[in-house]
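So the structure is just underneath, and the comments pick up after that.
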Amino acid sequence: MKKFLSANEAVAHAAAQAGCVVASAYPGTPSTEILENIAKFKDTIKCEWAVNEKVAVETAIGASMAGARALTAMKHVGLNVAMDPLMTFTYVGPLGGFVLVSADDPGMHSSQNEQDNRNLAKFARALLLEPADSQEAYDMTVKAFELSEKFQVPVIIRLTTRTSHSSSMVELGDFKPAPHPLIPYVKNIQKNIPVPAFAPTQRLNAQKRTAAMEKMACTSKFNRVVKPSKGVKISAKAKGLGIVTSAVAYQYVKEIFPDCNILKLGWTNPLPKALVAKFAKSVKKLLVVEELDPFLEDQIKAMGIKVVEHKTELNMLELNADRLQNLRHEILKDVPRAKATSNFKSQVSELPRRPPVLCSGCGHRGVFYVLHKLGATVTGDIGCYTLGAFPPLNAMDSTICMGASIGNAAGMKKAGLKGRICAVLGDSTFFHSGMTGILSALYNGTPVTTIVLDNRITGMTGHQDNPGSGKTLDGNPAPVVEIDAIAKACGYKRVVTVSADDLAALEKTLAEAMDSNEPALVIAYAPCRIAAKLMKEGLCEVDETKCKACGACFKMGCPAMTRGKEIRKGFFQMKIDASLCAGCKQCSQVCKFGAIKRVR
């Protein structure tokens with residue numbers, strides 16, 4: 001049986017084929033589609049969105065400890081949130097197979113950094129597999145459950161944006177999804193409770209396990225020498241050059257260095273040192289090509305093996321064929337430099353970029369418009385609303401990580417920063433890690449105003465449900481968690497809900513909250529117009545006879561607004577693109593001349 005699948009989809013199919021029983025994750029690009037596709041196998045896999053990555057990993061750990069095969073998935077920065085339970089579970093070890101999929105984002109297509117989570121896999125003493133395409137994503141995920149149970153080790157499957165979202169044909173074999181039989185649970189506190197009395201033995205077991213895994217990695221089918229195909233002309237300069245590579249970097253190496261021997265590594269932690277050493281002896285010169293950090297290269301050098309030094313940048317941003325061609329030009333000098341990207345920086349500078357913008361009718365827009373008007377210092381968070389930082393709204397001062405906005409604002413207050421200060425985060429982020437932030441601010445008596453942009457959906461990653469949406473991943477009804485009730489239960493006295501589309505009420509509410517000198521929580525509510533299918537709820541028009549071309553409406557930054565006719569030099573009347581207008585009426589509220597009205 002064959003299917004055309006992305007690597008994310010292949011992982012989902014592999015989980016079903018391997019008999020995964022429980023899957024838990026938090027959405028984050030480029031990993032989101034993994035759980036969305038696992039949910040299609042709801043007859044065999046119990047699947048759920050967790051409120052954050054730490055809880056997702058803890059849920060999968062619990063399932064594994066009960067003897068079930070379990071999978072959890074997240075983007076690379078999500079693994080930071082989940083490291084606490086993972087680091088200890090490494091000592092405890094799974095009973096049922098435990099697989100964690102980390103989707104890294106070289107080039108930061110949708111992320112705040114491009115950390116290389118191979119380092120975290122080594123740090124956690126986990127077994128690490130790196131697929132180069134969808135077929136390997138499928139094969140490695142199926143095998144990962146088996147390896148996890150064999151060595152009692154967490155297995156990390158590391159994808160990247162390029163593998164997660166690229167599709168190819170996948171041979172699924174005899175595809176018959178069915179839950180794997182549970183391994184009988186037996187109470188064992190020496191194994192499952194890493195208190196100081198037991199942890200030293202667990203630490204020693206982890207070390208012994210690593211040695212056994214390294215030995216098996218040397219003979220794994222995922223690590224193999226790839227020789228030039230028959231008929232490929234081998235240039236004199238390429239003869240004797242061997243390349244060590246892994247993951248998607250292999251695809252670029254195979255294309256640009258088809259005449260070289262390649263050691264393709266798919267099982268990269270622990271590093272199969274004996275295999276690497278044997279390959280190094282078989283070639284005259286050894287080159288290591290990998291995306292992001294020199295994870296393999298540093299370990300190979302530490303083995304005392306000489307590696308070809310080069311100046312072509314490989315450890316920043318996403319690799320591509322042009323950069324590899326420049327590497328070949330530098331080392332072998334038998335091909336010209338790539339003209340399209342003479343250096344890695346031009347990948348960014350030469351390509352046209354779409355300016356980031358909130359959707360037409362987005363309720364977040366009004367909040368940031370008002371905050372800018374009020375002159376507030378705004379600590380932001382991870383979500384669609386990060387776009388409030390850019391012109392013309394210019395209303396955000398910082399973004400660090402999920403839930404950090406509240407602690408950042410509290411720190412600014414404690415440091416003595418003057419003026420209005422507030423924290424802004426979305427409803428899904430509030431459930432993810434904002435609740436502890438508001439509790440800490442209240443407990444410590446820090447008069448921080450927290451604004452929750454409540455659109456009742458996890459917007460940025462593609463409209464996944466959360467505890468406030470009233471539905472679970474599989475579409476079943478769920479209790480609706482009210483944010484104001486949580487704040488009041490924490491002890492907040494000033495809790496206000498206001499429409500994010502009512503600019504006057506927003507301005508009054510936010511000014512009073514920030515000036516109150518007490519902890520406050522403001523819920524600015526407006527449904528995500530795409531998720532709620534309200535994009536064509538209405539249509540606004542401009543009365544050209546009343547429009548004075550003052551430009552006030554353009555400060556909203558709505559993509560439905562375009563320039564009309566120029567009535568005086570540098571001053572244009574505003575037009576509304578009927579195909580984009582969502583009918584929110586925010587623009588009509590900033591027009592002092594009554595030139596904008598809703599016509600439908």
Side-chain angles (χ1 to χ4, degrees), residues 5-28 30-50 52-76 78-79 81-82 85-86 89-90 93-104 117 121 124 126-131 134 136-159 163-164 170 172 175 177-183 464 472-474:
L5 301 172
S6 68
N8 282 351
E9 293 171 321
V11 167
H13 281 71
Q17 176 71 349
C20 180
V21 176
V22 175
S24 183
Y26 183 80
S31 73
T32 305
E33 300 85 3
I34 294 171
L35 212 69
E36 290 178 333
N37 280 279
I38 289 179
K40 297 175 182 178
F41 301 99
K42 60 183 179 181
D43 291 339
T44 59
I45 304 176
K46 298 177 180 68
C47 191
E48 66 179 32
W49 288 127
N52 63 32
E53 294 86 358
K54 180 175 182 287
V55 174
V57 167
E58 290 162 347
T59 300
I61 286 174
S64 172
M65 293 173 72
R69 289 188 166 181
L71 181 143
T72 182
M74 60 210 65
K75 69 182 295 173
H76 61 296
L79 187 52
V81 180
L86 180 64
F89 191 51
T90 302
L95 181 59
F98 175 93
V99 176
L100 187 154
V101 185
S102 170
D104 289 10
N117 276 1
L127 193 156
L128 176 64
L129 301 176
E130 294 188 74
S134 298
E136 285 196 340
Y138 179 81
D139 294 340
M140 288 182 178
T141 303
V142 170
K143 187 67 174 179
F145 287 99
E146 178 188 323
L147 292 171
S148 178
E149 291 170 356
K150 177 180 177 64
F151 293 108
Q152 294 186 33
V153 66
V155 176
I156 295 178
I157 306 282
R158 181 197 181 238
L159 302 178
T163 48
S164 285
V170 177
L172 301 175
F175 188 67
H180 191 270
L182 296 185
I183 299 172
Q464 290 76 32
T472 61
L473 173 59
D474 56 10

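Keep in mind that what you see is a predicted model, and the values were worked out from it rather than measured.
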Non-hydrogen side-chain atoms of N117 and L128 separated by less than 4.5 Å: no
Candidates V99, I34, L5 - the one meeting side chain to side chain contact (heavy atoms under 4.5 Å, CB included) with V11: I34
M74/V57 under side-chain contact (heavy atoms from CB on, under 4.5 Å): CA gap, chis, key distance, verdict: CA-CA 10 Å; M74 60 210 65; V57 167; 3.6 Å; yes
Step-by-step side-chain contact (heavy atoms from CB on, under 4.5 Å) determination, I38 to L71: CA-CA 10 Å; I38 289 179; L71 181 143; 3.7 Å; yes
N8 and S6: side chain donor to acceptor below 3.5 Å: no
Stepwise side-chain contact (heavy atoms from CB on, under 4.5 Å) check, V170 with H13: CA-CA 10 Å; V170 177; H13 281 71; over 6 Å; no
Heavy-atom pair with the smallest gap, counting every atom of Q464 and T32: NE2-CG2, 3.2 Å
From L100 atom CG to E53 atom CD, the distance as rounded to the nearest 0.5 Å: 10.0 Å
Any P154 side-chain heavy atom under 4.5 Å of T90 side chain: yes
Test item: E149 and P94 side chains (from C-beta on) under 4.5 Å apart, heavy atoms: no
Test side-chain contact (heavy atoms from CB on, under 4.5 Å) applied to T72 and I61, step by step: CA-CA 9 Å; T72 182; I61 286 174; over 6 Å; no
Point-to-point distance, once rounded to the nearest 0.5 Å, from CZ of F151 to CD of E146: 9.5 Å
From CD (E130) to CD1 (I156), nearest 0.5 Å: 10.5 Å
Exam field: side chain T141 to backbone A15, donor-acceptor pair closer than 3.5 Å: no
Gap separating the CG atom of D474 from the CD atom of E48, nearest 0.5 angstrom: 10.0 Å
Point-to-point distance, once rounded to the nearest 0.5 Å, from NZ of K143 to OG of S148: 12.5 Å
Spatial distance of atom OG1 (T59) from atom NZ (K46) [nearest 0.5 Å]: 13.5 Å
Side-chain touch K54/P85, heavy atoms, less than 4.5 angstrom: yes
Sequence-distant partners of A16, side chain to side chain contact (heavy atoms under 4.5 Å, CB included), two or more places apart: F41, I45, F175, P177
Closest non-hydrogen atom pair between A56 and S24, with its separation: CA-OG, 3.4 Å
Closest heavy-atom pair and its distance - F145, A18: CD1-CB, 3.5 Å
Atom of A70, atom of A60 and distance for their closest heavy-atom approach: CB-O, 3.4 Å
Nearest non-hydrogen partners of P131 and R158, listed with the distance: CD-O, 3.3 Å
Heavy-atom check, side chain of L35 versus side chain of P27, under 4.5 Å: no
Any side-chain heavy-atom pair of W49 and E36 under 4.5 Å: yes
Non-hydrogen atoms of S64 and F89 that approach each other most closely: OG-CZ, 3.8 Å
